[in-house]
Amino acid sequence: MFTTVERTARGVRVLDQRKLPLEEVYAELETAEQVADAIRSLTVRGAPAIGVAAAFGVALEATLASDLDAEAFDRKLEQAAATIGAARPTAVNLSWAVGRMLAEAARARAAGLDPRGIAASLEDEALRIRDEDLDACRRIGRHGAELVPGRATILTHCNAGGLATAGYGTALGVVRAAREAGKKVRVLAGETRPLLQGARLTAWELLRDGIETTLITDGMAGSILRRGEIDLVVVGADRIAANGDVANKIGTYPLAVLADAHRVPFYVAAPLSTVDPACADGDRIPIEERDPSEVTEVLGARIAPRGIVARNPAFDVTPARYVTAIVTERGIARPPYTRSLRALLAAAVPP
Ligand code: MRU
């Protein structure tokens, strides 16, 4: 297995996802600013992985500043949290993780700890966030595997795998757990224009696992669904509103509508850290607009004429009515989501 993100003696080490699958190289990030840059540039990407990288980035900056006096330390910490927290707007795991780190700093400060003590408690909290994500993915996998028939072709979009989380994955966690349960699963990976997370990342990690995978372009999904070749669709999420509307990689919404039209179940697999109870519905989810050059170029090579105007919203919102179920680490939410998600958020954490 690979390690998506980890805290090292020098800083935060991430597997550079811009370079996969052609090169397998790690980037060593040594400041909060570098962590924010890595999140912005998609060197590290995927909602839960962004949250873990953010937590490690805040811990790193706290440790670097731990010899300062209390006032200067607090200023550095706030600056780091603000810079990292603003790196990308859609995945709520980012602000969730930064918020958890700031709450831990406040708790440690109130307990009378000095900057060194606060930094140590932040390092521990970041490791907890990482470990909890890994554990959540395994639980999501186990719950989701129950929805997978004994023999199934599963369509997925973007990359919601080990690369997008602390490991194991959400949507791909369901695939992995189904296979571990002895089911015969086959994956259709949508290539996911413009940045090809499906072709580059999902294909790479599923092949490494020996899971039968076929790559398709985004435009092929409709006719393959119409031919009855897909048993279920499973995707991840960047933010789930309180009513069950789901923001995920651009191109997810058309898949949900197509799945509905062909009566194929459409599942979303995500940890509860992706649910934003403060966001009443999908219209309130901020959608990141990225540089149009990501559309006019492929892997740095220009494919469209100079002067063409291009759009580049990185995410879309799938209304809750198209979502058959949402698989979380505490169980499966079914419509109406306002009630089922609230119940799962309030449920006790399983042992
Ligand atoms: O722009 P990206 O690559 O960060 O977008 C990632 C996605 O949309 C994933 O599907 C989502 O974060 C779920 S990851 C478990």
Side-chain angles (χ1 to χ4, degrees), residues 4-5 14-20 36 38-54 87-97 133-134 136-141 144 155-176 189-206 218 233-240 246-256 266-276 282 285-291 294-295 312-318 323 326-329:
T4 306
V5 48
V14 298
L15 179 53
D16 190 337
Q17 299 195 32
R18 296 166 309 172
K19 305 228 164 84
L20 286 172
I39 293 172
R40 266 191 295 271
S41 64
L42 312 194
T43 306
V44 58
R45 45 133 315 269
I50 291 174
V52 174
R88 292 186 78 188
T90 304
V92 74
N93 307 62
L94 179 59
S95 50
W96 171 87
D133 183 59
L134 205 45
C137 285
R138 295 229 170 237
R139 288 173 192 272
I140 288 168
L155 174 64
T156 191
H157 188 59
C158 192
N159 172 267
L163 288 168
T165 60
Y168 201 69
T170 53
L172 298 191
V174 172
V175 171
R176 290 192 164 102
E191 68 170 349
T192 317
R193 270 287 282 150
L195 293 177
L196 304 170
Q197 288 91 332
R200 295 187 302 105
L201 308 176
T202 295
W204 180 78
E205 70 166 272
L206 290 181
D218 299 331
V233 183
V234 188
V235 296
D238 286 82
R239 192 183 298 227
I240 301 174
V246 174
N248 191 49
K249 179 52 58 194
I250 192 81
T252 302
Y253 168 56
L255 290 183
F266 180 89
Y267 299 118
V268 173
L272 288 163
S273 55
T274 303
V275 177
D276 184 359
I285 298 177
I287 299 295
E288 178 182 12
E289 285 278 343
R290 294 185 62 86
D291 196 305
E294 292 178 349
V295 175
N312 193 12
F315 301 95
D316 59 24
V317 173
T318 298
V323 179
I326 299 174
V327 185
T328 77
E329 68 273 36

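Since the model is a prediction, treat every value here as computed from it, not as a measurement. All values below were derived from every heavy atom in this structure, side-chain atoms included, with hydrogens, water molecules and symmetry-related copies excluded. Counting starts at 1 for both ligands and their atoms, following the listed order.
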Name the closest protein heavy atom to [atom], giving the residue it belongs to and the distance to 0.1 Å.
atom	answer
atom 14 (S) of ligand 1	A164 CB, 3.4 Å
atom 3 (O) of ligand 1	R45 NE, 2.5 Å
atom 15 (C) of ligand 1	T170 OG1, 3.1 Å
atom 4 (O) of ligand 1	R88 NH1, 2.8 Å
atom 8 (O) of ligand 1	D238 OD1, 2.8 Å
atom 10 (O) of ligand 1	N248 OD1, 2.7 Å

Side-chain donor-acceptor contact under 3.5 Å, R239 with N93: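 Result is no, nothing qualifies.
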Side chains of N312 and E289, donor plus acceptor under 3.5 Å: no
Please answer whether the main-chain N or O of [Y] pairs with a side-chain N or O of [X] as donor and acceptor at a distance below 3.5 Å.
X	Y	result
R45	N159	yes
T170	A270	no
T192	G190	yes
D316	Y253	yes
T165	P48	no
R176	Y168	yes

R40 with E288: basic N within carboxylate O range, under 4.0 Å: no
Sub-4.0 Å heavy-atom contact, H157 with ligand 1: no
Heavy atom of P48, distance to ligand 1 below 4.0 Å: yes
Per-atom contacts, ligand 1 versus Q197 - under 4.0 Å to a heavy atom: 1 (O), 2 (P), 3 (O)
Atom indices of ligand 1, in the order listed, that fall short of 4.0 Å to a heavy atom of A47: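 Listed by number with element, the hits are 12 (O), 14 (S).
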G236-ligand 1 polar pair, N/O distance under 3.5 Å: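 N/O-N/O distance below 3.5 Å does not exist for this pair.
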Applying a 4.0 Å heavy-atom criterion (strictly less than), which segment of [X] is in contact with ligand 1: side chain, backbone, both, or neither?
X	answer
A160	both
A237	backbone
K249	both

